[in-house]
Amino acid sequence: MTPSPQTDLLRRLFDEAVRVADPMLCVPAALPDKPKGRVLVVGAGKASARMAEAVESVWGPCEGLVITRYGYGRPTQGIEIVEAAHPVPDHAGQIATNRLLDLLATADENTFVLSLISGGGSALLISPAGDLSLDDKQALTSDLLASGAPIGAMNIVRKHLSRVKGGQMAAASHPAHMLSLMISDIPGDDPALIASGPTVGDDSTQAQALDLLDRYDVQPSAKVAAVLNGQTGVVRTDDPRLSRCENRIIAAPSQSLAAAGKIAQSQGYDVQILGDAIEGEARDLAVSHAKLALELQAGLAESAKGVVLLSGGECTVTRRGDGIGGPNAEYCLALANALDGAAGIWGLACDTDGVDGAAEVAGAIVSPDTLTIAQQVGAGITKALATNDSHGFFKTVDAQVVPGPTLTNVNDFRAVLVTPKPV
């Protein structure tokens, strides 16, 4: 795709959304003075290593262990960084999680524990409950990812199959004082759902988890069903072991959308923020946004600069084929198809963590020329939609967004730029 002022602006908006969620900006502002006595720093998530780096930029070397995604490690002075797999957990994550729990077991009432939690922690904190094996958790995670279940539903299920989620990490640190700093990737910013709430009490039930599996047509194995019909380890919200734990969200999608909106406004565009907690099928949302964009364009005066539609949240993809893709690229694929080459409308959708699905691609950009280019290079959009091959399609038309590790995670970022229809 040939760059244009419009595509350059869309990329600038995405970069700003990522920048304001950089842990090097938001972590130092949230830190208290370093406590006297023993300090432990623990955490997990795609942003956690950068968060640890930010902590030590203020406090100096600290004792601790943080688990992040492969490729997302950062240089730290004392905190150990372990890289593991996401979105499907692996053995490295399991070993690191058990070591983290062992470290917390050494804390006493005079210990201060700083917890650094961000999106991705659900896969990176992996300690199966009951008789479950890592293979069992990997299989279930893959099934959930393909089911189209929203992240909130997935995390309720995962809590009841874990020894660390659903408040259990905070309980493991009792009687230490814990401060948990969180970067939210959850629609609605519910702390209990960020990384499946390892430091937050939870009152969901195993019956709810079983109902969710049934709702999204995920068949649990006999071992998973046995755990969900047994004794849960989830820590309830009134559990006294949580009395010394404080949870604080320090970055959220709404902040990133607002920052991107200011950039668009500075360029003369009107801005409409459609919401920071949008969920649902990515392709369905794209059709809805295409319709809205065309309606807005029809009402624009010829002299108007245009409108930028911004939205965040976490969409899903119900797997239909064997292609490679993620919700952001699939949104762009469906947006391009619905716009059908409409002049004067561009779009971008990217995951702020730099990874859309499991690929090292954040998302894609759509322009009025996308379908024309696709025809020229032999990329079939109908087939790509049928097989969920959005990454393959946008690679062929040279419209992928590949920023590399962003070291943060405030969920999906979408921007649709609407200008007057050319006459």
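When a residue number appears, it is its place in the shown sequence, counting from 1.
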Which atom names give the shortest non-hydrogen contact between [X] and [Y], and what distance separates them?
X: P403; Y: R11; result: CB-NH2, 3.7 Å
X: Y216; Y: S147; result: O-CB, 3.6 Å
X: A362; Y: D356; result: O-CB, 3.3 Å
X: L103; Y: T106; result: O-OG1, 2.5 Å
X: A107; Y: S173; result: CB-O, 4.0 Å
X: F393; Y: T370; result: CE2-CG2, 4.0 Å

Count the heavy atoms of every other residue, nucleotide or ligand shown that sit under 6.0 Å from [atom1] of [X], and state whether that count exceeds 12.
X: K223; atom1: NZ; answer: yes
X: N98; atom1: CG; answer: yes
X: K34; atom1: NZ; answer: yes
X: D33; atom1: CG; answer: no
X: D238; atom1: CG; answer: yes
X: I381; atom1: CD1; answer: yes

For [Y], does its backbone N or O pair with a side-chain atom of [X] as donor and acceptor, under 3.5 Å?
X: E56; Y: G78; value: yes
X: N388; Y: G323; value: no
X: T316; Y: G148; value: yes
X: Q255; Y: A21; value: no
X: H177; Y: R244; value: yes
X: Q168; Y: K165; value: yes
X: E83; Y: G73; value: yes

> Does the pair T318 and R283 meet the rule for a side chain to side chain contact (heavy atoms under 4.5 Å, CB included), with working shown?
Replying inline: CA-CA 10 Å; T318 300; R283 61 175 63 194; over 6 Å; no

> Hey, mind stepping through L134 and H91 against side chain to side chain contact (heavy atoms under 4.5 Å, CB included) and telling me if it holds?
Replying inline: CA-CA 7 Å; L134 176 62; H91 191 53; 4.0 Å; yes

>> Pair D239, R241 - check salt bridge (Lys or Arg N to Asp or Glu O under 4.0 Å), show working.
In response: CA-CA 5 Å; D239 192 300; R241 291 175 295 172; 3.0 Å; yes

>> Set out, in order, the CA-CA distance, both residues' side-chain angles and the distance that settles side chain to side chain contact (heavy atoms under 4.5 Å, CB included) for V88 and L145, then state yes or no.
In response: CA-CA 9 Å; V88 178; L145 290 169; 4.1 Å; yes

When you compare the side chains of [X] and [Y], does any donor N or O come within less than 3.5 Å of an acceptor on the partner?
X: D90; Y: Y70; result: yes
X: R50; Y: S118; result: no
X: S204; Y: D202; result: yes

>> Let's go through L114 and W59 carefully: what are the C-alpha distance in whole Å and the side-chain angles of both, what is the deciding distance for side chain to side chain contact (heavy atoms under 4.5 Å, CB included) to 0.1 Å, and is it a yes or a no?
In response: CA-CA 12 Å; L114 181 66; W59 281 2; 3.8 Å; yes

> In a check of side-chain contact (heavy atoms from CB on, under 4.5 Å) between V235 and each of L242, V200, D203, which one passes?
Replying inline: L242

> Parallel, tilted or perpendicular: which fits the ring planes of F413 and F14, with parallel below 30° and perpendicular above 60°?
Replying inline: tilted

> Quick check, are the ring centers of H289 and Y331 under 6.0 angstrom apart?
Replying inline: yes

